[in-house]
Amino acid sequence: MKILEKKTSLKGTLTVPGDKSISHRAVMFGSLAEGTTTIRGFLKGADCLSTIDCFRKMGIEIEETEEEIIVHGKGLHGLNAPTEILDVGNSGTTTRLISGILAGQNFSCTLSGDASLNSRPMKRIMTPLSMMNASVESIEGNNCAPLRITGHPLTAIHYDSPVASAQVKSCVLLAGLYADGVTSVTEPALSRDHTERMLRSFGANVISDGNKCSVTPPETLYGQNIVVPGDISSAAFFIVAGLITPGSEITIKNVGINDTRAGIIKVCQDMGADLTLFNEREEGGEPVADLLVRHSCLHATTVEGSIIPALIDELPVIALMACFAEGETIIRDAHELRVKESDRIELASTNLQAMGADVIPTNDGFIIHGGKPLHGATIDCKMDHRIAMTFAIAGMNAEGETVIPESDCVDVSYPAFWQQLESLQP
Ligand code: S3P
């Protein structure tokens, strides 16, 4: 449990942990590659550790040192049938991406996670994988995990995805590694492209053209040395903390600013934020920068359309930021937020309302009238890491005490969160 109180003048410099999406992919592709893959900056959060655990259960040797993860890949056809259920924990990324890989193996296995994971929609991957001739069964018959996956020789397809989801796109592309020709995916808006970038660096022929991408099944993937940039989805909490907490000035180093992820920067700029990017560079095939944020007088904005996938995980904390901006902020086209680790539209709204904010949840977003002062409340975060972190920042900008009973759930993506938050306080 954590108790937060009103603060001013958050000051300091921090380096956020490695990107969660990129960390997962590095372990997965390293396992399927020939030779050794070293991963620096790997996020040792519970989600990525679930991915490591699954591949170990399929016979991949993975070493962990202080500085790096070393994956001893066994090639595209080197996985062994696991002798027990693959436990995917809370991780949607592990589940959906690994399902694409499992669809192309010559064994059957079962995937299952925690209560939240086992209630998230899996039809979105069952549909394209069945089109490719894989067998993916929802054991309870509710289109959710536990899933029983039986690998088969796969047929290449073009999949016109109804949803802008990198997990769906990646699942299909990874199954495409094992298909009998070129597999392609079109999505309604471009979602994060880490799979495409990293598969290319491992030697696969992946072609991107607007919202479409395709993969040719490679003979071999080759082990790489990967440097994982800091996670902008983790930086988001400190960006918003710096902008809304009076007197603050925070430097956040080594943040991944890939266009398919950096929607929050554009939204902050649209709202009048004092946010500067410097030391822009490329690391491990991904653009990276340091950020400087200072307390700012924010004004309302509208967040909608094709930018949504580039900030989907940041929307709860963007909703909080809008409570501190003058005027009416509208967030729409974000229906996907309802099927994350929790229903984040519902949960962010209820908790913000409990703190006195003027927030109306809509079917696909929020309407927020900024400027109402917040007061402390007890936060029900339903074990959702991003809701817990959002309300830590809210609590530091509210009168009285804010209590977060399930504060440990931040370990899913950001084990050092509380410690780093503490380090900024005067
Ligand atoms: C992720 C994709 C997004 C995101 C999730 C990580 C990924 O999910 O919300 O935290 O690593 O591919 P969707 O693909 O469901 O949008």
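Numbering of residues begins at 1 and proceeds along the displayed sequence. Counting convention: from 1, in listed order, for ligands and their atoms alike.
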If you measure from the Lys or Arg side-chain nitrogens to the Asp or Glu carboxylate oxygens, is any gap between [X] and [Y] under 4.0 Å?
{"X": "Asp364", "Y": "Arg338", "result": "no"}
{"X": "Glu64", "Y": "Arg56", "result": "yes"}
{"X": "Arg261", "Y": "Asp19", "result": "yes"}

Atoms of ligand 1 less than 4.0 Å from Ala166 heavy atoms?
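Going through ligand 1 atom by atom, the ones under 4.0 Å from Ala166 are 12 (O), 14 (O).
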
Residue and atom name of the nearest protein heavy atom (relative to atom 14 (O) of ligand 1), distance in Å to one decimal
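Here the closest protein heavy atom is Ser165 OG, 2.6 Å.
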
Return the closest protein heavy atom for atom 11 (O) of ligand 1 as residue, atom name and distance.
Ser21 OG, 2.7 Å

Check for me whether Arg25 has a heavy atom closer than 4.0 Å to any atom of ligand 1.
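In this structure, Arg25 qualifies as a contact of ligand 1 - some heavy atom is under 4.0 Å.
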
Please check if any side-chain donor atom of Thr93 sits under 3.5 Å from a side-chain acceptor atom of Gln167, or the reverse.
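There is such a pair (donor and acceptor under 3.5 Å, judged by atom type) between the side chains of Thr93 and Gln167.
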
Before you tell me yes or no, could you show the steps for Ser233 and Glu314 under side chain to side chain donor-acceptor pair (under 3.5 Å), namely the whole-Å CA-CA distance, both residues' side-chain angles and the distance that decides it to 0.1 Å?
CA-CA 6 Å; Ser233 300; Glu314 291 67 78; 2.7 Å; yes

Examine Asp313 against ligand 1 and note whether any of their N/O atoms are separated by less than 3.5 Å.
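Yes - when backbone and side-chain N and O of Asp313 are compared with those of ligand 1, one distance drops under 3.5 Å.
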
Do any N/O atoms on Ile312 end up under 3.5 angstrom from N/O atoms on ligand 1?
no

Side-chain heavy atoms of Arg281 within contact of Asn279, under 4.5 Å:
yes

Could you work out, for atom 16 (O) of ligand 1, the closest of Lys340, Glu336, Gln167, Arg192 by heavy-atom distance?
Lys340

